[in-house]
Each structure stands twice: as C-alpha cells, then as structure tokens.
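Note that these values count all heavy atoms, side chains included, but never hydrogens, waters or copies made by symmetry. Here the structure is a predicted model, which means the values were calculated and not measured. Remember, it's 1-based here, ligands and their atoms both numbered in the order they're listed.
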Amino acid sequence: MAPATTTSVQVALRIRPSTQQDVSSIPARFQRTVIHPVSDTTVSIDAANAPAANPTASPPSATTPAQAKKQLFSFDTVLPPQSTQHNVFSSSAEPLIARFLEGFNCTILAYGQTSSGKTYTMTGEDLDADPSDPNNGMGVIPRAVSTIFSRVKQTRSEKQGAWTATIKASFVELYNEDLIDLLSSDDPSARRDVQIREDKDGHIIWGGLREVPVRSASEVMELLRQGSSIRRTNETDMNAQSSRSHAIFSLTLTQKRYTGSSLPSRSPSPAPPQGSPSRLARPGSLVSYNSPNAASRIASPTFGRPPTPSFAVAMARSQTHLRPHSSLGHSEDQRTVPSNGPGEWVTVTSKFHFVDLAGSERLKRTAAVGERVKEGISINSGLLALGNVISALGDPSKSKVTTHIPYRDSKLTRLLQDSLGGNAHTLMIACVSPAERNVAETVNTLKYANRARNIRNRVKVEEREDGWDDLEWLQTTITRLRKELKALREGQPSGNSLGVLAEESQSKASKHVRDQFIELQSEHEKLRELFTERTEELTRLRGEHGETLRSGSGGVAAATSRYEEIVGPVIEEYERTISAMEAEMKLNRAALRHTNELVTEKEEELASLSERHATTEAYVEELRSRVSKLSERESSTEAYIRDLEEKVKGFTSDSLTDSESLTTLQKELGRYKELEGTNGAYIMELEARLAKTDESVLELQQSVERAEALAERREADVRDLERRLEQMTSDEVNWRSDLERREERVRNLELEMEAWEKRKEDAGRDRERLGLLVADVEKAKKEIGDVSAPLTPVSEGGRNNLPISQEVDELSTLQASLSEIQETHKATLADLANMTDKYRDALREISDLAAQIQEVKLHNHSPAASISISDAGDRETPVVMPPPGTISRRRQPSISRSGSRDFNAEPLAPTVNGTGRRPFFRQAASAESLRAR
Ligand SMILES: Nc1ncnc2c1ncn2[C@@H]1O[C@H](COP(=O)(O)OP(=O)(O)OP(=O)(O)O)[C@@H](O)[C@H]1O
C-alpha cells in the first residue's frame, strides 16, 4: 500500500456581487462594498464596524498599524465578484478531479453566512445547460460530474480491457440533527434514517444510505435535481430560497485495474452468486459490477474503507490462483510485475463529497419565527461545532496543546471527520457578501477559512485485500492454512488442499524447487541402491581376493593388479557419484531451507491471521459479553419489575387491611394533587409571563425597527435640509451682491433725482418769471387795445404827445420778447417732460428693486432662512436685517388698494435728505399740466 502523504486543506474565497435582494433589503447606507481583492490570493476588508467576532481568534495574517481597521487575509485563491461559474470550477475545483481518478478521496465544502452564494457556487443554475460552455450558470457539481464521466470514458478507451470503473451516487441532508436520504425510494413516512458508525480503524460509515449506480452525467443530474427538490429550503428575510439543511452529494468510484503487461483474459471480478453467501457480509459487500442498475442500500463506507467482498468472491480469487497483492504489503506503484508474467486485478475505491452547508444566520436578521427558529438554532449549533473542529485542527497555538478534536459534538462534524484532518484532499470554498451590513459575518468567515488552511490531511490510496472484514472468509482461510501447514510439517502433500496452497501461496520458483527436490530424492534413492549393489560386489571381490592370497602367494602381484583393474574404475565411479550426490544434497538442502523459509513466512502470515482472527473473536466475544450483560440487565430489570409487582400486590393487600394508611395515603395524594394544581397554575402563570415577555421583546424589536426606519427618514430629511441650506447660502451670496449692485444704482438715481429737483426749482423760478412776463404782456396787450380804440382822441390828449409809431414799435418789441420767452418756456417744458419720463423710469426701477428686496426678506424670514441665518451665525451679517437708516429702509413699498406696490405713497418715499417726495410729484404734475396747456 502506498505510504500516506500530508496535504493542507485548500481554501478559495469567493466574493459574490451585490444582488437585487441586497438592494431591496439592506438600507442604502449599509450597502457599501467593504471587501476588496488586493491580489489573486489576498483580500482587504474594511472592518471598522465589525464587532470582535471571536476574541480568541488568531490575528489575521497581516495588519498594518496605519490601517488599523483594514485587515488583510490570504487564501489559496481569491475569486472577485466578477468571476464566472466556469472560473470558479477551473481555478479551484478541477484539479481535484485528477486526484479522485487516481484513487484519492476528495471533498469540496462550501462555507459562509446565509445568502453568501454557497448553493449558487455548488449547484448553480440550469442543470440542463452545456457544462463545457464557460458562460452559463452551472455550478461546481454539474461541471465536476461531467468532467469525471468524460475522463472515465477516455481512460476506458485508452486502457481497453485492463481497466473498469463503476460510479455510484448518494445524496444525504442533515436537517435538525436528522440524517435524511434524499435519494431514498421509500415512502417519505417509512424512510429509514441514515446512521453514522465508526469501524474498528476509526473510519466513518454511513449506514442505510442508498447508493444509485450511474452511467452518465445526465443520470447524475437527474438524481441531483431529484434530491435538491426534496431538500429543505425556505424563504427568509435574507434569502428567497435559503437552504435549511446541510447537504452532501457523493460519488463513489470503484476502479478495477489490471497490473499485468498483457491484456487480461477474463473479467476483473466474477459476479457473486445469488443469495447471501456470507453470514456477516453486509449488503454493501454484494457489489455487482455487471448489474449497474441494481441500486442497493448499503452500509456505505466513507473514506478509506475497502469494500467487503463476499465469501464467494474470495473463493473465486483463490480458484484463479490470484494472491491479493495487499497481503504482500505492496502498493500498486511499488509492485514489480514480471514483464512477461501474469498480472493482478486491483480494486481501488475513492469518494468525492460535495458539501453545501446551510449558512450561519442571525435570527433577528432573518426574521425567523416558529419552525425557522428551530432550524436556525440547529444550523448554527452544527456550524459552531464545525468552527470548533476547524479551530482545534487549524489554530497553530491550539493544535500544540489540543489532542482532542471535538468531532463528536455534532453530526455535521462526524460526517466531515474524514474530510477535515482525515484521508481526503479537501477544498473549502468560503463565500462572502460584499455589503457593509454583513461585515461582521464576513470577517468571521474569513477568520475560519483562514484557519482552515492550517489543517493537515494524510491522504493515501486505499488498496486493501478484499475480505479482511469478512469473518467467515477469514475463518475458512485460517482453517485451510492450518491444514496446509500441518501437511507441510509432516512432509506429505495433502491432496487437494496442498495443491490449492501451492498454487495460492507459492510463487513459480518455489514450486520448481520442490519439483527438483522430489526428483533429486528419487535419484538419490536410485544411487543409494547402486551404491549398496557395488558395495556388495566389492565385499564379494575382497573375499575372492583373500582366498586367492591364501591359495598361493606367488600370484599376489598378478592378483593385485587384476584387482586394481576391476575395482579401480568402480571406485572412481563411486567417488564421482558420491560427489555428485553431495552437490545435489547441498542443492536439496538449500531448496529445503528455502522451503522452510516459505513455511516460516506462511506461519508468520498464519500467526498474523490468527491474531486478527483472535482480535475479531475478541471483538465478537466483547459483543457477546455486551449482549449477555444486556440480557443480564434485562433479566435483572425483569426481576426488579417482578419484585415491584410483588410489592405492589403486597402493598395492595396491606392497604386493604390497613384502611387508615390508605386514608393517609389518599390525603397525601390529595395534597400532592393540590400541590400539582398550584404548581400547574404557577407554571401557567410563568408561561403567560414568558409569552408576555416574548411579546414585549417582539414589540421592542418592532419599535427598534420603527425607530431605525424613523432615524433613516430623519437622516434623509437632514440631508435634504443640508442640501437646501447650501442652495440658500449660495442664493444668499448672489442676492447680496445683486442687492449691493442695485443699492448702488438707487444711490446714483437718487443723486440724479436731487439734480433734477434742483433743476426743477430753477424751472419754477423761470416759470414765475415767465408768469410775470406773461402778466406784463397781458398788460401791454391791454394797453395796446386801449390805445388803438380811441386812436384819434389820443392824438389830441396828454399821451397824445407820443407818436403812435413809437408805441407800435414798443409793442412789437414786447411781442418779440414774449414769443422768445414762450419759446424758452416751451423748451423748458419739453426738458421737464423728458425729466419726468426719466424720473418715472427710475421710480419703476426702484419699485422692481423694492419688490426683489421684499422677496429676499420673505425668504430670509422663512424657517429655512432662519436656520441658515442661525447657522451662518457670526460668519456673516444677515441680509434680511439691514442696519437702520440705510437705503433699503427707504425702498420698502406699501401695498396700495389695488394690491400693487405704490411707490408714490408718502410713507414709502422719504428722501435721503429728509424732504418728502410729495412736493416734487406735485411740481411734476403741475409741470405736466402746464405742458399740456
Ligand atoms: N456569484 C454570484 N453571482 C450572481 N448571483 C449570485 C452569486 N452568488 C449568489 N448569488 C445570488 O444570491 C442569492 C443567494 O445565494 P445562495 O442561495 O446561493 O446563498 P446561500 O449561501 O446558499 O444561502 P443559504 O445559506 O441561505 O442557503 C441567490 O439569489 C443567488 O442567485
């Protein structure tokens, strides 16, 4: 078996984009993005508002003092919000598929708060889409399934008959601490629970789970759809379709690999016979590679657990002379197969778990009530246990002192035991939301995910001999081996049994040695016979030789030479034969030694088998003793019950005879009942108080929410007022400059007006003068009339002395000066009219200005203006309150009857120098009338 290697849990961080639900459910001021990718492996989070999630948590990997609230976290991959589903799969999940096909167990685990995108990442959208299309919404599971099937197909065609694979799928959910089979064909009410057990090697077994053989990706999608439709989901305030359970979708890949150089001549594994061949074989051991449709409910082994073969499979193996390689202690890679020798079929089983956890949630934020509360508590407690396991495994400071990993604290951690710190390549995809509202949960997720990177798993491909867990098979094998050992010790082959042993347990080489040994033994026998024969002949010859010696010493020399002639070659041959025999004996001894070694090896194997058998027996014994203890306990309980019954009987008979004690007891009973009644009332009262407290908590929650909403509205109002204030401040500046400009113009106009008044006074004086002139002219005209009427007497009387022509001259002179004065008067009147027009224009302009000033005043006296003024405070002098005596006071218009502003009205027309405007208007009017005349 290949040695285990150490590998770290890989962690990818996925930041989801902002969703429609975020926009509608999170107040605008909390929608700000707080997490930002800094590089392909690092993110920074603005955790200013995040409460300390876990005071014992290790500090993040790097935090600069300058950014006390900005924290940096590092991961193996960071996937920004714009990452597509295809990006996520190819950058983090795809590399695991090669490991899975090599025979390693793998796990992909989606972790994060509710609504952070776990289900979207694992399952995604539209399972019927094309998995090779990088632009659709398919998640990690469908893409992985499709890739696995296409690679299996490719390997099958590459290796032809030397490789087979079968895939099975299972789907389980953990809901409120109950494990539910999502692919079970049973009626929901009769559905059997899935149990978690542990085998003697500490591997976790999921008992009673249905595993469905699958032959194509589309079959898997169908199962995925089927299971997902039953999985518990519900709407919460944070997610329209929130998973209310942890779900694990698993694929089990069983590969049969042929290790020989040439193609095998038979199928990898004979189909087991019908029926139950083994007393202890579980249904899981009845794996039929030829009947993929036969979905079986099995005691599904999790990571690292080999399949349990049936006795029939084991027997079939022994009949085909295959020795399980694992019993030789070889791994597949280390195995040395003779280049032209026969190969072996090796079974490798690996599991791929896809885990979609339910998200952690704050019950207040999800607005959970009733059943949702129970679900939320169960989800959170499972995740808390998971967090503790991650902390114990991944916190460097803790891992030094902690040896106990709290896997048993929840079913979730029991299920994931092999994936966290066990035999599996594990990838955690930590999902987070970008919104500020979720920053506390996001920081928590980042901390745990960061810590998970420190978890070390020990991974290996499990290739254990089929049958090690099959007690009946082990017992049969031990019995057979014992027989064979006995036969070997006695040196006589034991028919079929030895033949089976030789074929099963010895290599070709040892068989060859044994054959040679037998051959040599027979040869040795033959030589021994020859040796005896020759020795007899030698003895006879020696006897003959002695007789010859005795009969005559003369022929000694001749006899000796004759003896040497006859015996010499025989002795030489003997010597040769003996040395050859000695060499063969040496060989035989070596062969025997080798055989002895094999026997020793076999004995050791037998000893280890016996040991395991003993362990198994001890286990069985322990179970038996437990059973007997239980039955003992049961019998003692029964005895106790009988005893109690006897006592009750006795008590009844006693009570019949002793009516007093019965009465006392009845009284006592009555008292107890009373007490019970009081207690019941008290409990009810307590419950009512509890309900009230719940109600008030609810009310409190509602009022907090209302207050929050109100605060939000107020904030919006304040923002609006601030905006208006700014607008008014800028308006105020414009108005101020405009006003100053206009005041300047008014001042100029008033100066002009003064000049005109002066000119008007001059014109008045001119008019007076003209009036005098006109009177003179009138008088002159009269005089002329008087003169011209009694023309003759005049020529006779006192004035009669002036010549008429002289008076006529005088008159014409007067008329000429009159007409001249009239001309001047006309010109003056024209000037005056002109001036009056200008003055009216000026008045109109003043009227406009006054109206504008009034508007400004009205603005400045409105509440907003008050705020503005009070806010402006000592910065500026308010525009609406000019100092007394300035020109603006003079320009205040009064409201005439018609509603229009009347600038001729006296109170509104004081002049700068204190004189009223009325005389001026009257003068203007008289000038006007004069002109009209
Ligand atoms: N990367 C993404 N791109 C677009 N939408 C996403 C993304 N991730 C998640 N969403 C959307 O966000 C919403 C919540 O996602 P999802 O249901 O996967 O969250 P969850 O973590 O599984 O939640 P829960 O734990 O409550 O089940 C879904 O509407 C989903 O479509």
Side chains of [X] and [Y]: is there a donor and an acceptor less than 3.5 Å apart?
| X | Y | result |
| --- | --- | --- |
| H353 | S250 | yes |
| S39 | T42 | yes |
| T6 | R458 | yes |
| S8 | N454 | no |
| T413 | S410 | yes |

Against heavy atoms of [X], which atoms of ligand 1 measure under 4.0 Å?
| X | answer |
| --- | --- |
| T114 | 23 (O), 24 (P), 25 (O), 26 (O) |
| S116 | 19 (O), 20 (P), 21 (O) |
| T119 | 18 (O), 22 (O) |
| Q113 | 21 (O) |
| G359 | 25 (O) |

Ligand 1 and R16, any nitrogen or oxygen pair closer than 3.5 angstrom? no

Could you tell me whether D356 and ligand 1 have an N or O pair separated by under 3.5 Å? no

Winner among S115, S245, G117 once heavy atoms are compared against atom 9 (C) of ligand 1: G117

Backbone, side chain, both or neither: what part of T19 comes under 4.0 angstrom of ligand 1, heavy atoms only? side chain

Looking at ligand 1, does R14 have a heavy atom less than 4.0 Å from it? yes

With a 6.0 Å cut-off (strictly less than), is the heavy-atom count around CD of Q702, excluding the residue itself, greater than 12? yes

Using side-chain heavy atoms (C-beta onward) and a distance below 4.5 Å, is T7 in contact with H425? yes

